[in-house]
Engineer: 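Submitted below is the structure of interest, expressed as structure tokens.
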Amino acid sequence: MTKDLLHLGNASFSNRLFTGTGKFAANALIPKMLKASGSQMITVAIRRIDSTARSENILNFIPSDVTLLPNTSGARNAEQAVHIARIAREAGCGDFIKIEVITDMKYLMPDNIETLKATEILSREGFTVLPYILPDLPLAKRLESAGAAAVMPLGAPIGSNRGLETQSLIALLIENCTLPVIVDAGIGRPSHAAAAMEMGAAAVLVNTAIATASDPEAMGRAFDLAVRGGRAAFLAELADQSAAARASSPLTGFLYENPSTLVDSPQG
Amino acid sequence: MEILINGKREVCTSRTIAELLAKKGIPSDALVVELNGSIIKQGQWPNIMLKDNDILELLNFVGGG
């Protein structure tokens with residue numbers, strides 16, 4: 001059997017659970033979570049230093065065989081996203097970039113138009129661009145033409161843990177785009193992740209649900225199992241649904257049936 | 001001279017980036033320095049002279065999703 005790999009840019013991933021480094025109670029939990037979940041891709045953010053806080057280098061907590069996915073959080077337009085992406089690459093984070101352009105601070109909805117502009121520029125500069133978007137099929141096609149390596153539609157608002165509220169729109173992307181669809185944001189439980197994978201998502205990105213669980217290490221493992229289960233189900237091709245019951249056991253040869261009552265008698 | 005450090009205007013008596021970081025007690029581990037829009041590699045920090053009105057960004061990687 002050939003290995004089921006996800007190819008993005010010049011890299012291949014055998015694990016389809018992408019994780020994030022935000023919101024962990026302690027950075028030391030991150031390598032434990034990575035080991036337990038098997039995640040091979042993890043996001044980081046770039047900020048101005050906080051000279052009042054004790055600073056740990058978050059990169060020291062990420063094993064070298066895990067691919068870094070810096071995000072452009074904090075960017076409010078394409079120009080700022082491009083700037084942050086260039087900083088990340090210059091700082092040695094590699095060519096992957098998650099484009100995140102947000103102006104709506106209540107729901108943290110991505111600005112699809114600015115995201116497209118940033119994708120066009122960064123793809124030309126050789127980045128492996130993963131844009132975080134509202135699921136919108138025409139936009140996804142434009143991102144494909146612009147050179148994105150995947151699209152990352154949200155399931156629900158960032159950190160909300162509400163699951164696949166945009167499920168039917170994500171399904172349109174999966175069915176009509178050639179790009180891998182990686183469901184990002186809103187996945188709150190392993191069952192949400194499994195559902196996304198069953199639908200044919202190429203991967204899921206989970207941060208809050210793992211980082212803020214009582215036991216992030218064990219939750220990382222739980223998400224890994226769910227993603228593997230969902231992926232295996234997708235590859236096995238799900239059986240169809242029906243409105244009425246369809247018996248799984250034979251409807252003949254029951255132990256207690258009286259054959260004479262079942263067979264139509266000539267009298268009636 | 002005055003320079004803009006992370007968006008804040010500050011009087012600066014340090015001649016180089018390295019001097020400024022030492023004076024402020026900022027650890028160099030994981031620090032990303034951008035001067036007037038260009039990333040300055042750590043090896044260059046002792047050599048780059050600061051000028052009046054320079055725009056300096058001192059950045060690092062943090063947890064994020």
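By convention in this document, chain letters (A, B, ...) are assigned in the order of the sequence lines, proteins followed by strands, and residues within each chain are numbered from 1. Below, each value reflects all heavy atoms present in this structure, side chains not excepted, and no hydrogens, waters or symmetry copies.
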Engineer: Ignoring hydrogens and geometry beyond distance, is a side-chain donor-acceptor pair present between A:H83 and B:E34 at under 3.5 Å?
Structural biologist: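 A donor-acceptor contact under 3.5 Å links the two side chains.
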
Engineer: Taking CZ in A:R47 as the centre, count heavy atoms belonging to other residues, nucleotides or ligands within less than 6.0 Å. Is the count above 12?
Structural biologist: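 More than 12 within 6.0 Å, yes.
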
Engineer: Measuring heavy-atom distances to chain B, does A:I49 have an atom under 4.5 Å in its side chain, in its backbone, in both, or in neither?
Structural biologist: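 Both backbone and side chain.
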
Engineer: Side chain from CB out, backbone as N, CA, C, O: work out which of these in B:V32 comes under 4.5 Å of a heavy atom of chain A, or both, or neither.
Structural biologist: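 Contact with chain A: side chain only.
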
Engineer: Tell me whether the count of non-hydrogen atoms from other residues, nucleotides or ligands lying under 6.0 Å of NZ in B:K41 goes above 12.
Structural biologist: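 Check passes, neighbour count above 12.
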
Engineer: Measure across A:A45 and B:G63 and return the closest heavy-atom pair with its distance rounded to 0.1 Å.
Structural biologist: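 Scanning both residues, the minimum pair turns out to be CB-O, 4.1 Å.
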
Engineer: First locate atom CZ of B:F61, then atom OG1 of A:T21, and finally report the distance between them rounded to the nearest 0.5 Å.
Structural biologist: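 Answer rounded to 0.5 Å: 10.5 Å.
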
Engineer: With a 4.5 angstrom heavy-atom cut-off, is it the side chain or the backbone of A:K23 that approaches chain B, or both, or neither?
Structural biologist: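 Neither; nothing under 4.5 Å.
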
Engineer: Just give me the residue among A:N71, A:T43, A:N207 that pairs up with chain B most often, heavy atom to heavy atom, under 4.5 Å.
Structural biologist: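 Option with the top pair count is A:T43.
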
Engineer: Mind checking the CD-CD1 spacing from A:E90 to B:I40? Nearest 0.5 Å is all I need.
Structural biologist: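 Rounded to the nearest 0.5 Å, the CD-CD1 separation comes to 9.5 Å.
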
Engineer: Are A:V44 and B:V62 side-chain neighbours, meaning at least one heavy-atom pair lies under 4.5 Å?
Structural biologist: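 A:V44 does not reach B:V62 side chain to side chain.
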
Engineer: With chain A, which of B:G37, B:S38, B:G64 has the greatest number of heavy-atom pairs at distances under 4.5 Å?
Structural biologist: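 Highest number of heavy-atom pairs under 4.5 Å: B:G64.
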
Engineer: Just so I know, are the side chains of B:L59 and A:I87 near enough to count as touching, which here means a heavy-atom distance under 4.5 Å?
Structural biologist: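 Yes, side chains in contact.
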
Engineer: Measure B:L58 against the heavy atoms of chain A and call it side chain, backbone, both or neither at under 4.5 Å.
Structural biologist: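 Its backbone and side chain both get close to chain A.
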
Engineer: Taking every heavy-atom pair that is under 4.5 Å apart, which of B:V33, B:I26, B:N6 has the most such pairs with chain A?
Structural biologist: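 Ranked by contacts with chain A, first place is B:N6.
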
Engineer: Non-hydrogen atoms of chain B under 4.5 Å away: do they reach the side chain of A:N60, the backbone, both or neither?
Structural biologist: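 Only the side chain of A:N60 comes within 4.5 Å of chain B.
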
Engineer: Might you confirm whether atom CD of A:E79 has over 12 heavy atoms from other residues, nucleotides or ligands at distances under 6.0 Å?
Structural biologist: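 Atom CD in A:E79 is not crowded, with 12 or fewer foreign heavy atoms closer than 6.0 Å.
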
Engineer: Would you mind checking which part of B:K24 comes under 4.5 Å of any heavy atom in chain A, side chain (CB onward), backbone (N, CA, C, O), both or neither?
Structural biologist: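 No part of B:K24 comes within 4.5 Å of chain A.
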
